[in-house]
S.K.: 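To start, I am sharing the structure in question, which I have written as structure tokens.
Counting starts at 1 for both ligands and their atoms, following the listed order.
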Amino acid sequence: MNLRTYISLIPFLLFSVVFNFNQVYAQWTGPKNKPKQFKEVQYGPLTPKNREDQAMIDFRNYGLGQFIHWGLYAIPGNEWKGVSARKGAAASEWIRSWGGETAPKDWKNTYDNLYKQFNPKNFDPERWAKQAKDMGAKYLIFTTKHHDGFALWPTAFSDYDITQTPYKKDIVKQVVNAYTDKGIDVFLYFSVLEWNNPDYMAKNPETTQEKERYNRFLQYTRNQLLELLDKYPKIKGFWFDGTWDDSWIKSYEFTYQLEKELREKHPGLIIGSRFRNDEHEKRHFDSNGNLLGDYEQGWERKLPQEYEWLDGNDWDAVMTIPPNGWGYMKDWEGLYIKTTDDLLDMMMHSVSMNGNFVLNFGPDGNGNMHPGEDKIAREISDWIKINGEAVHGVHHSELPVSKLGYYTQKDSVIYLTVFNRPVNNIARITVPKKSSTVPIKASILLNNQTLKINHADIGLDLDQNTYYDVTIPADFTSIRPFVIKISLGEPKKSADKLMDAKM
Ligand code: FHN
């Protein structure tokens, strides 16, 4: 790689270092380390932890969601005239920032003129919505505008929008209507940062001229967000992104007032923790560790390892099917593509910890879903048709974690989604002795077969738990994870009280 290539990659490298330092280490790699000192915070949370209104109750019951990244970057699909952008751009939807020796000559200008050919002939939002419905997605996060600043809706505040394309029609409107008609709630993804907006700057504005520019940008952002609420009142929330630059972080008074205004204009609006920070530049959680926004919005391509890490906060995890790359990628050759089993595991991991799992799709420039993503959607829908009750409207179970898979619960029913089938076909359910209810009935969702339950009162010394063994029939086969549905009820007899060992 020659010197010119190294120099062109510096901005990308610098970005990732700063980005990583801020993001990775804060709160996403372990239990919350709450600040010891209380700090005066004026621009902290505007909503209570665990809102109890219907909108957030619905959010908690979603379980599974769909993310769609669609825009001009879908046209190149992470390559141009057969040359891959993999080595020159951070991700397919970042292809505008393609640099280095592989980048086509005058690429940014080429990219900024792609809107002149955006005319998706196979765009069919009803088909997308049906696929999502069948897959069991209860909410959609749809990209209205990504970092390239191109608006997929007719906006009064920019000339860089869908009306300037051969397609012309309002794409956001069609997607919101198609999904809402299918009973799938819609959240609008909105990137604050805009690479090619002359008024945008990543650094904090210092000079008068810079301050005038950035204030114009802040007003533009406010105007577009109010416009989106006016045009699409059926949406449930915003999924903000691109809020990590110093300019936005230093604008905490403006962002605080803007969040207030958006919530007043659209009561019940749901906004995640990625939108803004407090006056001490604390993002996602304020300087006293309180969640900013209605749910943790930092679980991107990663999952909490322990339930305790969430500190009882609502949250969602957004996940790509290829390793990274949210926008359409023509060529998956050489990449590890997550399998349906990988994704079912991540989904059950998430819902077992009171989180929603959001699977990303990146349609191509004509509006076709990637064939590989189509296949996964079909396989997940086949599984959800049988096991959906273990995913939707469920919550975390207080039962000790099972090595066999994940527990989810709804009222007095426990669902054990088995990913690791025991060789002896005995699914042992560990139950604290102090529990007032224990497993009394069990069946497999796949075939509604009733399963035998035996109270294995092993009697280990000083053991706070007792055990119920559910027998999986030896002739039961499943190529996918399967769900054991367990009804809880009064124990026939409690665990025997044995004499403690005299050590
Ligand atoms: O830079 C974006 C990226 O393109 C993508 O939109 C993801 C989706 O959550 N968010 C940002 C990276 O964190």
S.K.: Using a 4.0 Å cutoff against the non-hydrogen atoms of Trp239, which atoms of ligand 1 qualify?
M.R.: 9 (O)

S.K.: State if Trp244 counts as touching ligand 1 under the rule of any non-hydrogen atom under 4.0 Å.
M.R.: yes

S.K.: Tell me every residue that passes salt bridge (charged side-chain N to carboxylate O under 4.0 Å, His left out) with Asp230, counting only those two or more places apart in sequence or in another chain.
M.R.: Lys265

S.K.: Kindly assign one of parallel, tilted or perpendicular to the pair Phe142 and Trp128, based on the angle between their ring planes and the thresholds 30° and 60°.
M.R.: tilted

S.K.: Counting only heavy atoms, tell me which of Val358, Thr243, Asn324, Asp241 gets closest to atom 10 (N) of ligand 1.
M.R.: Asp241

S.K.: Mark up the atoms of ligand 1 that fall under 4.0 Å of a heavy atom belonging to Glu93, in ascending order.
M.R.: 3 (C), 4 (O), 5 (C)

S.K.: Which of the numbered atoms in ligand 1 are under 4.0 angstrom from any heavy atom belonging to Trp94?
M.R.: 1 (O), 2 (C), 3 (C), 4 (O)

S.K.: Please list, in number order, the atoms of ligand 1 under 4.0 Å from a heavy atom of His69.
M.R.: 5 (C), 6 (O), 8 (C)

S.K.: Specify whether Tyr189 and His146 have parallel, tilted or perpendicular ring planes, treating 30° as the upper limit for parallel and 60° as the lower limit for perpendicular.
M.R.: parallel

S.K.: In terms of ring plane angle, is the pair Tyr406 and Phe419 parallel, tilted or perpendicular, where the classes change at 30° and 60°?
M.R.: perpendicular

S.K.: So Trp28 and Phe285, would you call those rings parallel, tilted or perpendicular, with 30° and 60° as cut-offs?
M.R.: tilted

S.K.: Look at ligand 1 and say whether His147 reaches it with a heavy atom at a distance under 4.0 Å.
M.R.: yes

S.K.: Just to be sure I'm reading this right: ignoring hydrogens, which of Glu300, Arg301, Met319 gets closest to atom 7 (C) of ligand 1? Compare them by their nearest heavy atoms.
M.R.: Glu300

S.K.: Rounded to the nearest 0.5 Å, what separation is found between the CD1 atom of Ile380 and the CZ atom of Phe357?
M.R.: 7.5 Å

S.K.: Does the plane of the ring in Phe67 sit parallel, tilted or perpendicular to the ring in Trp239? Use 30° and 60° as the thresholds.
M.R.: perpendicular

S.K.: Determine whether the side chain, the backbone, both or neither of Tyr73 has a heavy atom under 4.0 Å from any heavy atom of ligand 1.
M.R.: neither

S.K.: Does a side-chain N-to-carboxylate-O contact under 4.0 Å join Glu101 and Lys87?
M.R.: no

S.K.: Find all atoms of ligand 1 within a distance of less than 4.0 Å from any non-hydrogen atom belonging to His146, and give their numbers and elements.
M.R.: 3 (C), 4 (O), 5 (C), 6 (O)

S.K.: At the 4.0 Å heavy-atom cut-off, does Arg274 count as touching ligand 1?
M.R.: yes

